[in-house]
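Comments concern the structure below.
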Protein chains: 2
Amino acid sequence: MDAEPLHRRIARDIERRIASGDWAPGFRIPTEAELTVEYGCARMTVSRAVSELAARGLVVRRRKVGTVVAHPPVHSSALVAIPDIQAEVQARGLAYSHRLMGRIVRPASADEAELGARVIELETLHLADGLPFAMEHRLISLTATPEAEAADFSAEPAGGWLLARAPWTEAEHRISAVGADRQTAEALGLEAGATCLRLERRTWRDGQGVTRVWQMFPGAAYDLVARFSPRKDQG
Amino acid sequence: MDAEPLHRRIARDIERRIASGDWAPGFRIPTEAELTVEYGCARMTVSRAVSELAARGLVVRRRKVGTVVAHPPVHSSALVAIPDIQAEVQARGLAYSHRLMGRIVRPASADEAELGARVIELETLHLADGLPFAMEHRLISLTATPEAEAADFSAEPAGGWLLARAPWTEAEHRISAVGADRQTAEALGLEAGATCLRLERRTWRDGQGVTRVWQMFPGAAYDLVARFSPRKDQG
DNA sequence: GAGTGGTCTAGACCACAAT
DNA sequence: TTGTGGTCTAGACCACTCC
C-alpha cells in the first residue's frame with residue numbers, strides 16, 4: 001500500500017510539475033476545490049499539501065486570487081555550515097587539540113555592553129594533528145554564565161563548555177577576509193598580513209549576550225561550503 | 001478579537017516556555033490530549049501547532065513516547081545572505097554599473113564537464129558609484145542556455161540575465177579568503193596579493209550545470225552577515 | 001494492550017480581495 | 001457580491017512502540 005501520506009503525494013505531484021517547468025512561475029495552479037475533486041479527498045488534505053509548498057516558498061497563496069507558482073528566488077541566501085572547530089578537525093580524520101594562550105577577567109568595554117559588566121577574555125589556539133588550525137579570540141559574559149570564572153578552559157575548549165551550559169537563542173555570524181595581525185600570524189605560523197578567513201560569532205540568550213568569538217583560519221586551508229536547493233530552507 | 005489563529009498562539013506559548021528555559025531540552029511537553037483540554041479546542045488544532053514546532057526542530061515527536069523538547073543545535077549552520085551584487089550596491093545607496101572586461105566562447109574543460117560541451121567565459125567588473133566593487137569571473141553553459149551565445153552581456157549583467165532565463169534548482173556556495181591575483185588586483189585597484197573575500201557559486205537545473213561564478217571582493221570593504229535564531233530555518 | 005502521534009473526513013464559518 | 005484560501009470542529013482509523 002501507500003506508505004506515503006496523501007497530502008505529501010499531492011505536494012510532490014505539484015512540486016514535480018513546477019520543477020519540470022510544466023507549471024512556470026506565475027502559473028495559477030488548480031484551486032483547492034479542483035484538487036479536492038482530482039484527488040478525491042477532503043479539502044483539508046489538499047489545503048495541507050499546498051500550504052506546505054507555500055511555507056517553503058514554492059507557491060504564493062492569496063485569497064480570491066488563488067495559488068500561483070512563485071518566481072524563483074534571487075540569489076539571496078544560503079545555508080552555510082558554520083562548523084564547530086573540534087568537530088571539523090575530527091571530521092577530517094585529524095587529531096584535535098587546543099592550547100589556551102591567554103585568559104584574563106576584566107570589565108566589559110562600552111562596545112561590549114551586551115555581555116554585562118564583566119567578561120572573561122580567552123585566546124585559544126586550535127590544532128589539528130599538532131599543527132595550528134585556527135586562532136580563536138573569545139569573550140564570555142560573566143553575567144550570563146558566572147560559573148565560567150571558575151572553569152578550566154585549558155582542559156575543555158570554551159565553545160563546547162558554553163554550549164553545554166548556556167545554549168543560545170540568537171546568533172549573528174559575520175564572515176570576512178582579513179590579513180593576519182601579528183599575534184595571529186605568529187600563532188598560526190604565517191607571515192604578518194597573510195590572508196585569513198575571519199569568522200565572527202555573537203550569541204545571545206533571551207537578549208542577554210552570552211559570548212562573542214572571532215576565529216581566524218589560514219585562507220589557503222579553509223573555506224565554508226553551502227550546498228542546497230532553493231526554497232527548501234525557506235522560513 | 002484575536003487576529004492570531006489559535007494554532008499559532010498555542011505554538012508561540014510552547015515556544016516561549018522552551019525559550020525561557022521553563023521547559024528544558026528533554027522535557028516532555030503535554031500530550032495532544034492534554035493540550036486539547038488546556039486550550040479547549042479540537043485535537044487537530046493542537047496537532048497542527050505542535051507539528052509546526054516539530055518541523056522547525058524545536059521539539060521531537062514520537063508515537064507512544066510523546067513530544068519532548070529538542071536539544072539545542074550544535075553551532076552547525078547559519079543562513080548567510082549571499083547578495084546579488086547589483087542589489088547589494090543599490091542597497092548601500094550607491095549607483096550600480098558594470099563593465100564587461102572579457103568574453104570568449106570555448107569548449108568546456110574536463111573539470112567543467114557538468115556545464116556541457118561549450119561554455120561562455122565572462123569577466124565582469126562591478127562598480128559602485130564608479131569605483132570597483134567586485135571582480136566576477138563566470139562560465140555559462142551553452143547546453144543549458146544556448147541563447148546566451150547571442151546575448152549582449154555588456155548591456156545586462158549575466159547574473160540577472162541568467163536568473164530570468166535559467167532559474168536554478170540547486171546551488172553550491174563556497175566562501176574563502178584569498179590573495180588577489182594580478183588581474184583581479186589590477187581591476188579592483190589593489191596590490192597583488194591583497195586580501196579578498198572569494199565567493200564561488202555553482203548552480204544546476206535538474207542536474208545540468210547552468211553556471212559557475214567566482215566573485216572577488218576587497219576584504220576590507222565587504223563581509224557576509226547572518227543573523228538568526230536557531231531552529232527557525234530547519235528543513 | 002494501551003498510549004501517543006499521523007492522517008483523514010465532511011462539514012462549517014470567516015477573512016480577504018477582485019469585481 | 002463572489003470566489004478563494006484560513007481556520008476550526010468532532011469525530012475516525014491507523015501506526016508505532018513502550019509496557
Side-chain angles (χ1 to χ4, degrees), chain A residues 1-18 23-71 231 234-235, chain B residues 1-18 23-71 231 234-235:
Chain A
M1 303 302 176
D2 279 13
E4 183 177 46
L6 179 55
H7 70 85
R8 194 163 336 206
R9 194 190 123 205
I10 298 174
R12 279 203 310 104
D13 279 359
I14 296 171
E15 190 176 358
R16 188 170 37 70
R17 283 182 272 199
I18 292 174
W23 289 354
F27 177 84
R28 203 185 115 159
I29 78 170
T31 65
E32 293 192 349
E34 290 163 341
L35 290 170
T36 294
V37 172
E38 176 176 346
Y39 287 95
C41 66
R43 187 184 145 218
M44 200 153 186
T45 303
V46 299
S47 176
R48 181 172 176 176
V50 181
S51 295
E52 182 205 313
L53 297 179
R56 282 169 38 196
L58 267 155
V59 298
V60 176
R61 315 194 76 185
R62 274 168 58 210
R63 283 161 161 138
K64 173 69 178 176
V65 174
T67 301
V68 299
V69 177
H71 285 80
R231 304 181 282 204
Q234 255 290 3
Chain B
M1 304 297 179
D2 278 15
E4 185 176 44
L6 180 54
H7 71 85
R8 194 164 336 208
R9 193 189 126 205
I10 297 174
R12 279 204 309 107
D13 278 0
I14 296 171
E15 190 177 358
R16 187 169 38 72
R17 281 182 273 199
I18 292 174
W23 289 354
F27 177 84
R28 203 186 111 158
I29 78 171
T31 66
E32 293 192 348
E34 289 164 342
L35 290 170
T36 295
V37 172
E38 178 176 345
Y39 288 95
C41 65
R43 190 185 140 217
M44 200 156 184
T45 303
V46 299
S47 177
R48 179 172 178 176
V50 181
S51 295
E52 181 205 313
L53 297 178
R56 282 170 37 195
L58 267 153
V59 298
V60 175
R61 316 195 75 185
R62 273 169 60 209
R63 284 161 162 142
K64 173 70 180 177
V65 174
T67 301
V68 300
V69 177
H71 286 80
R231 301 181 284 203
Q234 256 286 4

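Within every chain, numbering begins at 1; the chains are lettered A, B, ... in the order of the sequence lines, protein sequences first and strands thereafter.
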remark   = Expected list for residues 41-54 of chain B near DNA chain D, using heavy atoms below 4.0 Å, is B/C41, B/A42, B/R43, B/M44, B/T45, B/R48
query = To the nearest 0.5 Å, how far apart are CZ in B/R16 and CH2 in B/W23?
reply = 9.5 Å
Spacing of B/E32 atom CD relative to D/dA10 atom P, expressed in whole Å = 16 Å
task = Rounded to the nearest 0.5 Å, what's the gap from CG on B/D13 to CG on B/L35? Could you check?
result = 9.5 Å
Rounded interatomic separation in angstrom, taking CG from A/L6 and P from D/dA12 = 21 Å
key: From A/R61 atom CZ to A/T31 atom OG1, the distance as rounded to the nearest 0.5 Å   = 9.5 Å
ask   = Given D/dG5, is OP1 or OP2 found less than 4.0 Å from the side-chain N or O atoms of A/T67?
value = yes
message = Keeping B/R62 on the side-chain end and B/V68 on the backbone end, is there a donor-acceptor pair under 3.5 Å?
response = no
ask   = Between C/dG6 atom C1' and A/I10 atom CD1, what is the distance in whole Å?
value = 15 Å
Within residues 59-66 of chain A, residues whose heavy atoms come under 4.0 Å of DNA chain C = A/R62, A/R63, A/K64, A/V65
query = Which atoms form the tightest heavy-atom contact between A/V69 and A/A24, and what is the distance?
reply = CB-O, 3.4 Å
query = Where is the tightest heavy-atom contact between B/P25 and B/A70, given as atom of each residue plus distance?
reply = CB-O, 3.6 Å
request  = Would you give the length of the straight line joining atom OG1 of A/T45 to atom CD of A/E32, rounded to the nearest 0.5 angstrom?
outcome  = 10.5 Å
ask   = Any donor-acceptor pair under 3.5 Å linking the side chain of B/S51 with the backbone of B/S47?
value = yes
task = Would you mind reading off the distance between A/E34 atom CD and D/dG3 atom P, rounded to a whole angstrom?
result = 12 Å
query = Tell me: NE2 of A/H7 to P of C/dT9, nearest whole Å?
reply = 11 Å
message = I need the B/T36 OG1 to B/E38 CD distance, nearest 0.5 Å.
response = 10.0 Å
request  = Rounded to the nearest angstrom, tell me the gap between atom CZ in B/R9 and atom C1' in D/dT7.
outcome  = 15 Å
note = To the nearest angstrom, the CD1-P distance between A/I29 and D/dG5 comes to 8 Å
inquiry  = Distance check needed: D/dC8 C1' versus B/E4 CD, whole Å only.
reply    = 15 Å
